[in-house]
Amino acid sequence: MIIYKTNEEIEKIRANCHLVCKTLALVGSMLKPGAVGSKIDKAAEEFIRDHGAEPGFKGYRDFPWTLCVSRNECVVHGFPTDKPFENGDIVSVDCGVYDKGYYGDAAYTFAIGDVSEETMQLLRITHESLYRGIDMARVGKRLGDVSFAIQDFTQRVNKYSVVRELVGHGLGRNLHEEPEVPNFGKRGRGVKFIEGLVIAIEPMINLGRKEVKTLQDGWSVVTKDGRPSAHYEHTIAVTKNGPDILSDHSYIEKAIVKNEHLTEIKAVEYSLS
Ligand code: MG
Ligand code: MG
C-alpha cells in the first residue's frame, strides 16, 4: 500500500533530506587520498546527532554504520573501512537520517583526484539520468516513465548497464515504503503519480556489465566484472506544480568545489520544466 503524504509530512521529510545533504557535504570536506571511511562515518554520526536527529541507516536491518561508503566497483551498501582512499577512486556515499517520525535519504558519488575520463563520464551521465528521471515524476505520468527515462538515457543512448537487483523506493515513516522505483522499465506502466507521493529516485549505473553480487559481509554489492559503478539519489515529492526535490545536492557541490582533493562532476545543468 502506498502512503501518500500531507504537506506537513513532506516538510518534515525535506528537513531530514537537507540534514542528509549537509552530512554528505561534511563527507565531501573530509574525502581525500589517505582519508579513511571509518573516521568519516564517525564524524557523520556525530554531526547528525548534534543536529538532534538519528542516523537512519545504523541499526536498520542491523546495518552497522551511519553511511554506506561504496568505492569503485562497489555499487551500494559498502561498509566504511580503515582502508585509505586513493587518488583516482570514486566513492558513492549514501546517508539517511531519522527525526520527528520520518526519514530522509540521499546519495552522491564523489571523485577523488585524477579519475579516468571514462569513469568521469559515467558519473556525469548517471547524474543527468537522475534528473531525467525526476522530470517524469509528474501528476498524470506513471512510475514506468521515470524508470524508462533513466534506462533509456544510460543504457540505450550511453551504452552503460542498469543494475536490476536494487531500486529506489517510497519513504516516510519507514525508510523503504511502496512503491519500488526501478531504474529500468516501460513507459506508461506502473503506478500513476498523484500529489503527495514521496519517492527516492536512485540510479545505480555500471560502466561494464549489469551483473552484481553481494560480498560475504552480507551488505556490500559489487559489480561481478569489477568495473566501476555510479550512484546518485534524490528524495522527491510529486506536487501539482511538478516534482519537488526535497534533498539538495548544492550543499555537497559547494563542499566539493572547496576541497582541492576532489574533482567536480561538472554535471549538465538540468532544469526541470
Ligand atoms: Mg540512499
Ligand atoms: Mg534510497
Side-chain angles (χ1 to χ4, degrees), residues 2-3 5 10 12-28 37 40-41 44-45 47-48 53-61 63-71 74-80 90-99 102-110 123 126-127 129-131 133-134 137 143 146-147 150 162-184 197-205 212 214 219-221 229-238 243 245-249 251-252:
I2 295 177
I3 304 160
K5 275 75 184 179
I10 288 171
K12 285 180 182 164
I13 298 168
R14 189 196 311 276
N16 292 344
C17 290
H18 276 241
L19 180 56
V20 166
C21 291
K22 287 175 187 171
T23 307
L24 292 175
L26 172 71
V27 171
I40 294 175
D41 188 85
E45 179 174 355
F47 184 80
I48 291 167
E54 288 171 44
F57 296 171
K58 195 168 188 167
Y60 181 82
R61 294 184 184 161
F63 186 80
W65 303 96
T66 293
L67 305 173
C68 298
V69 178
S70 308
R71 188 170 170 176
C74 189
V75 180
V76 286
H77 302 165
F79 284 5
I90 59 165
V91 189
S92 152
V93 183
D94 196 341
C95 181
V97 306
Y98 179 78
D99 192 23
Y102 293 85
Y103 282 90
D105 189 7
Y108 201 92
T109 302
F110 297 89
L123 298 185
T126 304
H127 184 274
S129 79
L130 169 60
Y131 288 86
I134 291 170
L143 202 57
V146 171
S147 304
I150 294 168
V162 177
V163 174
R164 307 306 168 103
E165 289 82 350
L166 299 141
V167 295
H169 51 94
L171 82 167
R173 287 193 174 276
N174 297 292
L175 180 58
H176 295 123
E177 295 183 359
E178 287 183 34
E180 290 194 340
V181 184
N183 298 302
F184 55 95
L197 181 69
V198 174
I199 50 173
I201 302 178
E202 46 182 321
M204 289 157 258
I205 308 297
V212 297
T214 304
W219 283 99
S220 308
V221 177
S229 184
H231 176 219
Y232 292 90
E233 178 181 27
H234 271 307
T235 295
I236 69 119
V238 175
I245 304 180
L246 306 180
S247 38
D248 185 352
H249 283 178
Y251 295 110
I252 305 164

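Please read all numbers here as calculations on a predicted model, not as lab measurements. Both ligands and their constituent atoms are indexed starting at 1 by order of listing. Atoms considered below: every heavy atom in the structure, side chains included; atoms not considered: hydrogens, waters and symmetry mates.
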Atoms named by residue and atom, protein N, O or S, within reach of the Mg ion (ligand 2) (under 2.8 Å): Asp105 OD2, His169 NE2, Glu202 OE2, Glu233 OE2

Contact summary for Glu202 and Gly168, nearest pair of heavy atoms: CG-CA, 3.7 Å

Residue list, ring-ring contact (aromatic ring centres under 6.0 Å, His included) with His234, at least two apart or on another chain: Tyr131, His249

Side chain to side chain donor-acceptor pair (under 3.5 Å) against Asp105, all qualifying residues, sequence neighbours excluded: His169

Aromatic ring proximity Tyr251/His18, centre distance under 6.0 Å: yes

ring-ring contact (aromatic ring centres under 6.0 Å, His included) against Phe184, all qualifying residues, sequence neighbours excluded: none

Exercise: identify the closest heavy-atom pair between Tyr103 and Gly56: CE2-O, 3.6 Å

